[in-house]
Amino acid sequence: MSRQFQDLRLGSIELFCLTAQHLSFTAAAKSAGLTAAAVSRSVTRLEGRLGVRLLMRTTRQVRLTDVGQRYYDQCRQALGQLSEAEREATGQQLKPSGLVRMSLPTSYGHYRVLPLLPDFVRRYPDIEIETQLTNRNVDFTDEGFDLAVRGRVLPDSGLVARKLEDAPLLIVGAPSYLKHHRPPRTADDLAQHECIQFVLPSSGQVVPWLVQSEGHTMEFSTPGRLRCAEDILAPITLARAGAGLVQTYRFLVEDDLRDGRLVEVLADHAGASRPFSLLYPGNRHMTLRVRTMINFLVDALGPGPQRSR
């Protein structure tokens with residue numbers, strides 16, 4: 001690999017990041033032990049080499065341009081990885097520490113991952129965790145995420161996927177609905193029912209229902225006048241209100257089943273599931289704190305006797 005960075009260039013990037021962090025040449029200079037003029041000249045040279053304006057300067061304030069914000073986010077992450085690699089190489093990183101940023105689907109985050117995090121921070125008190133609950137696919141580089149949990153892995157995304165679990169599916173309805181509608185005995189009987197639909201945010205398509213038949217998983221297009229998008233808990237709320245049947249993850253309705261608010265139907269055809277995986281960039285240095293979080297979640301949610309339920 002040919003040499004791409006000189007000490008002076010890395011120093012300019014570091015001084016730019018200090019300036020962007022404080023939005024002040026004076027504060028950056030104080031942190032670096034230099035003069036404000038020296039820091040300003042260094043950032044100006046960096047802008048000249050890149051051919052873009054990273055900072056907008058006035059007599060009263062310094063602020064990042066849009067290009068500068070993106071460059072800062074990526075440089076901050078790269079410098080952090082360099083520092084982490086150096087600590088590991090010199091044996092200074094004896095225990096994991098620092099910030100882990102993680103994107104989680106709303107329902108899976110609330111019901112599966114967030115309840116595990118108090119135990120994690122007790123085990124690893126020097127690790128900080130920032131979670132964002134969203135159902136969209138995030139950009140690891142531009143948005144600065146270390147990890148993401150998703151139910152579907154994007155093909156050819158350059159991401160590593162570690163299986164967390166195959167989450168069981170089931171079909172449920174409220175007693176008030178089933179009082180007036182005969183429970184289905186076969187998958188074909190679903191055509192006679194009001195089936196509450198969920199629209200997949202990434203494609204805008206209705207998610208097909210999965211039913212086990214003779215050891216095989218089959219997809220069914222089910223009828224239904226009610227459709228929900230974005231929030232996967234919305235169809236469950238409708239089902240509780242007696243609006244129809246819904247197929248959902250078992251972990252979302254365990255309390256409803258136990259308390260009788262919802263009743264499982266077509267139990268003889270249950271057994272289908274959908275996977276959830278932990279995603280992270282395959283071309284990025286793996287810090288100890290991120291590796292610790294990956295191992296913790298795989299141990300807690302993955303297959304085996306150690307799995308938490």
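Atoms considered below: every heavy atom in the structure, side chains included; atoms not considered: hydrogens, waters and symmetry mates.
- Ile171 and Ile232 fall into different hydrophobic clusters, where Ile, Leu, Val, Met, Phe, Trp and Tyr side chains are chained together by heavy-atom contacts under 4.5 Å.
- Note on Leu190 and Val253: separate hydrophobic clusters, where clusters join Ile, Leu, Val, Met, Phe, Trp and Tyr whose side-chain heavy atoms are under 4.5 Å apart, directly or indirectly.
- Using a 3.5 Å distance cut-off with no hydrogens or angles, the side chains of Ser103 and Gln132 do not pair a donor with an acceptor.
- Rounded to the nearest 0.5 angstrom, Met293 CE and Leu288 CG are separated by 12.0 Å.
- Taken from CD in Glu130 to CG in Asp146, the straight-line distance is 9.5 Å, to the nearest 0.5 Å.
- The CG atom of Leu301 lies 12.5 Å from the NZ atom of Lys163; values are rounded to the nearest 0.5 Å.
- Other residues, nucleotides and ligands place no more than 12 heavy atoms under 6.0 Å from the CZ atom of Arg227.
- Arg57 places a side-chain heavy atom less than 4.5 Å from the side chain of Phe25.
- With Phe251 as the aromatic partner, Arg112 meets the cation-pi criteria of under 6.0 angstrom to the ring centre and within 45 degrees of the ring axis.
- For His193 (side chain) and Arg182 (main-chain N/O), a donor-acceptor pair under 3.5 Å exists by modelled atom type.
- Checked by atom type and distance alone, the side chain of Gln21 never pairs as donor or acceptor with a backbone atom of Phe16 at under 3.5 Å.
- Looking only at distances, no side-chain donor or acceptor of Glu230 sits under 3.5 Å from a matching main-chain atom of Cys228.
- A donor-acceptor contact shorter than 3.5 Å is absent between the side chain of Thr19 and the backbone of Ala28.
- Side-chain atoms of Glu194 do not come within 3.5 Å of backbone N or O of Leu245 as any donor-acceptor pair.
- Looking only at side-chain heavy atoms (C-beta outward), Leu252 and Leu233 come within less than 4.5 Å of each other.
- Considering Val100, Leu99, Val121 as possible partners of Glu128, the one that fulfils the side-chain contact (heavy atoms from CB on, under 4.5 Å) test is Leu99.
- The hydrophobic clustering, which links ILVMFWY residues whose side-chain heavy atoms are closer than 4.5 Å, places Val67 and Val62 together.
- Here the CG atom belonging to Leu279 is positioned 12.5 Å from the CZ atom belonging to Phe145, to the nearest 0.5 angstrom.
- Using a distance-only test at 3.5 Å, with no hydrogens or angles considered, a donor-acceptor pair links the side chain of Gln212 to the main chain of Thr217.
- For the pair Arg76 and Tyr72, the cation sits on the ring face: its NZ or CZ lies under 6.0 Å from the ring centre, inside 45° of the axis.
- With hydrogens and angles left out, the side-chain atoms of Glu254 and Tyr249 include no donor and acceptor closer than 3.5 Å.
- Shown are Arg136, Arg101, Arg70; of these, the salt bridge (Lys or Arg N to Asp or Glu O under 4.0 Å) with Glu143 is made only by Arg136.
- Between Val246 and Val172 there is a side-chain heavy-atom pair separated by less than 4.5 Å.
- Expressed to the nearest 0.5 Å, how far CG of Leu23 lies from CZ of Arg63 amounts to 10.5 Å.
- Glu47 places a side-chain N or O within 3.5 Å of a backbone atom of Leu55 that can act as its donor or acceptor partner.
- Not a single donor-acceptor pair under 3.5 Å links the side chain of Ser213 to the backbone N or O of His216.
- Between the side chain of Ser40 and the backbone N or O of Ala36, no donor-acceptor pair lies under 3.5 Å.
- Scanning for ring-ring contact (aromatic ring centres under 6.0 Å, His included) contacts around Tyr111 gives an empty result, with sequence neighbours left out.
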